[in-house]
2 protein chains.
Amino acid sequence: MDAVRVALVNDYEVVARGVAEMLRTYRNRIHVVELDLNKQVGEHVDIALYDTFAATRGDRSEVRDLVSNPLVGVVVVYSWTLEPVHIESAMSNGAGGYISKGLPAAGLVSALETIRAGGKQLHLEQEDAQTVIVGDWPGREEGLSEREAEILALITQGLSNAEIAERTYLSINSIKTYIRNCYRRIGADSRTNALLWGIEHGFRPDRVRI
Amino acid sequence: MDAVRVALVNDYEVVARGVAEMLRTYRNRIHVVELDLNKQVGEHVDIALYDTFAATRGDRSEVRDLVSNPLVGVVVVYSWTLEPVHIESAMSNGAGGYISKGLPAAGLVSALETIRAGGKQLHLEQEDAQTVIVGDWPGREEGLSEREAEILALITQGLSNAEIAERTYLSINSIKTYIRNCYRRIGADSRTNALLWGIEHGFRPDRVRI
DNA sequence: GCAAGGTTCACCCTTTGGGGTGAACCGCTC
DNA sequence: GAGCGGTTCACCCCAAAGGGTGAACCTTGC
């Protein structure tokens, strides 16, 4: 059982250094191979720890690039956000794990080990953590149905009712119905308030084009 | 000219460690006295480096608490966001400096030294940096007038035209005019798109209640 | 002094959003 | 099989948003 070889992927010196330092104490279990800003991974690593930088970055394309890199074993996303949308999108882009930045150093280390061993992929909270089901969608706990959440997500991207109808292949009347129900459930009384609610509840995709 | 005594203030282990590690190389110039998560500053320090954690935190109250702490010389905000609103609000809350997290380690070190010496308070870009005037408002560089920016800020908080009119003591027609001009300038064609633009350009206050 | 640009407002009009109701269909559960 | 809840849609109606125009007033700068 040798140390997990990890490459850190992040644009910013502070973040990359922080992670490296956090792992330094555990250098017998975790070996930080590369600590590069933008640069390519040079030698084989078990895990590429992809730092999403407070959810403003973390694009699919970058994760995909890493996944397709033959030198990288598993791509693990390391993020502040625990929103199901982000987790789901990361996983569907080929990530082999998702770790919360809220974890203390020890948690990060054991999470990395577990993931390399092929165990649990999601490491979101301290230890116990009420297991997060991947089949979840944002807003579920607020009583939003899947469709309603979908519509709200599209609102959160700035689409009009007509555009939403077009994209979902639904009639504009159905869209209106969903929006009405949505508002009732989240307690919004306008599109803008719904949008803000959506943003605060993780409905925003990684990169929104306006 | 002895080392600058710095206390790091941040909730998260990764971030605090990252900064500490970044400064470790410069330990002859910067001495990290405390690296505490939430805890109080125990001994006197020149600078409390307050980490706003990607602008999701960074409330006035926390900065004020630090400012009022007799053991703290100057409170310096260390943040990713370079948006004038945030900078202004930080400074008006008593911060004695504002440093961008985009700076490399060396930049951070010299910024801290400059601030302790009573020099330039804002350290936002690499070196040169077109000096950011504190009298600025968000969206200025996009051609928004002060009024337009104000209206946009209120939109970004989810207010309706009527509510904006009420709050600004302007007629609803004027509000509409400003909004129209606003949309033209930022290239939005709907309220929701304007809202998203606003959020991406720092128009959102620290904590928005919906 | 006048052009430029910001501020303020009014009046017009069209489109969009949002609320209410009713109704059909589906699958699930008790 | 009756009921519940989600999905889908239609029709109506009203309020809000948005776009155009014109116009008054005020600075500031050439």
Side-chain angles (χ1 to χ4, degrees), chain A residues 84 133 135-199 201 203 210, chain B residues 84 133 135-199 201 203 210:
Chain A
I133 307 105
D136 250 12
W137 60 83
R140 180 172 212 169
E141 53 283 2
E142 281 84 7
L144 290 181
S145 77
E146 215 166 342
R147 259 299 192 217
E148 286 160 0
E150 187 191 358
I151 305 299
L152 183 54
L154 294 170
I155 286 182
T156 308
Q157 280 166 53
L159 302 192
S160 68
N161 290 353
E163 289 169 325
I164 294 173
E166 205 180 324
R167 192 173 293 196
T168 55
Y169 302 106
L170 293 174
S171 96
I172 192 150
N173 290 306
S174 303
I175 303 300
K176 286 182 172 191
T177 303
Y178 289 127
I179 291 178
R180 269 198 302 278
N181 293 334
C182 226
Y183 287 5
R184 242 190 295 269
R185 289 203 223 278
I186 68 176
D189 66 330
S190 74
R191 202 181 192 76
T192 44
N193 283 326
L195 202 161
L196 290 171
W197 190 97
I199 286 171
H201 289 78
F203 276 75
I210 315 180
Chain B
I133 307 107
D136 250 10
W137 60 83
R140 180 171 212 168
E141 52 281 5
E142 281 85 8
L144 290 181
S145 78
E146 213 164 346
R147 258 302 190 214
E148 287 159 359
E150 187 191 357
I151 305 297
L152 183 54
L154 294 171
I155 286 181
T156 308
Q157 281 166 53
L159 301 191
S160 67
N161 290 354
E163 289 168 325
I164 295 173
E166 205 180 325
R167 192 175 291 198
T168 54
Y169 302 105
L170 292 175
S171 97
I172 192 147
N173 290 306
S174 302
I175 302 301
K176 286 182 173 190
T177 303
Y178 289 127
I179 291 178
R180 268 199 301 279
N181 293 335
C182 228
Y183 287 5
R184 242 189 296 268
R185 289 203 224 277
I186 68 177
D189 67 330
S190 73
R191 201 180 194 78
T192 45
N193 283 327
L195 203 163
L196 290 171
W197 190 96
I199 285 171
H201 289 78
F203 276 76
I210 314 179

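Residue numbers start from 1 in every chain, and the chains themselves are labelled A, B, ... in the order their sequence lines are given, proteins ahead of strands.
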Can you tell me how far C1' of C/dT16 sits from CG of A/Leu154, to the nearest Å?
17 Å
Sub-4.5 Å side-chain heavy-atom contact between B/Arg191 and A/Arg191
no
When rounded to whole Å, the CZ to P distance for the pair A/Arg191 and C/dT15 reads 18 Å
Rounded distance in Å - CD1 (A/Ile151) to C1' (C/dG17)
15 Å
So, is B/Asn161 near the phosphate of D/dA17, with a side-chain N or O under 4.0 Å from OP1 or OP2?
yes
Does the side chain of B/Ser174 get closer than 4.0 angstrom to OP1 or OP2 of C/dT8 through an N or O atom?
no
In whole Å, what is the span from the CG atom of B/Asp189 to the P atom of C/dG17?
10 Å
Take atom CG of B/Asn181 and atom P of C/dT8, then tell me their distance rounded to the nearest Å.
12 Å
Check whether any side-chain nitrogen or oxygen of B/Arg147 sits under 4.0 Å from OP1 or OP2 of C/dG5, and answer yes or no.
no
Between C/dG5 atom P and B/Arg185 atom CZ, what is the distance in whole Å?
10 Å
Between the opening five pairs and the closing five pairs of the helix from C/dG1-D/dC30 to C/dC30-D/dG1, how far apart are the helix axes, to 10°?
30°
If the cut-off is 4.0 Å, is B/Thr177 near the phosphate of C/dT8, judged by side-chain N/O to OP1 or OP2?
no
On DNA chain C, more 5' by nearest nucleotide between A/Ile172 and B/Leu170 is B/Leu170
Are any non-hydrogen side-chain atoms of B/Leu170 and B/Ile164 less than 4.5 angstrom apart?
no
Between C1' of C/dT14 and NZ of B/Lys176, the distance in whole Å:
11 Å
Is any side-chain nitrogen or oxygen of B/Tyr183 closer than 4.0 Å to OP1 or OP2 of D/dG19?
no
What heavy-atom pair brings A/Asn161 and A/Ile179 nearest, and what distance separates the two atoms?
OD1-CD1, 3.2 Å
B/Arg167 side chain reached by B/Gln157 side chain, heavy atoms, under 4.5 Å
yes
Specify the separation, in whole Å, of atom CZ of A/Arg180 and atom P of C/dG17.
13 Å
Are B/Tyr178 and C/dT7 close enough that a side-chain N or O sits under 4.0 Å from OP1 or OP2?
no
Could you check if a side-chain atom of B/Ile186 sits within less than 4.5 angstrom of a side-chain atom of B/Asn193, using non-hydrogen atoms only?
no
Looking only at heavy atoms, what is the nearest atom pair of B/Ala194 and B/Tyr183, with distance?
CB-CE1, 3.5 Å
I want to check something: taking the side chain as every heavy atom from C-beta on, are A/Arg180 and A/Thr177 in contact at a cut-off of under 4.5 Å?
yes
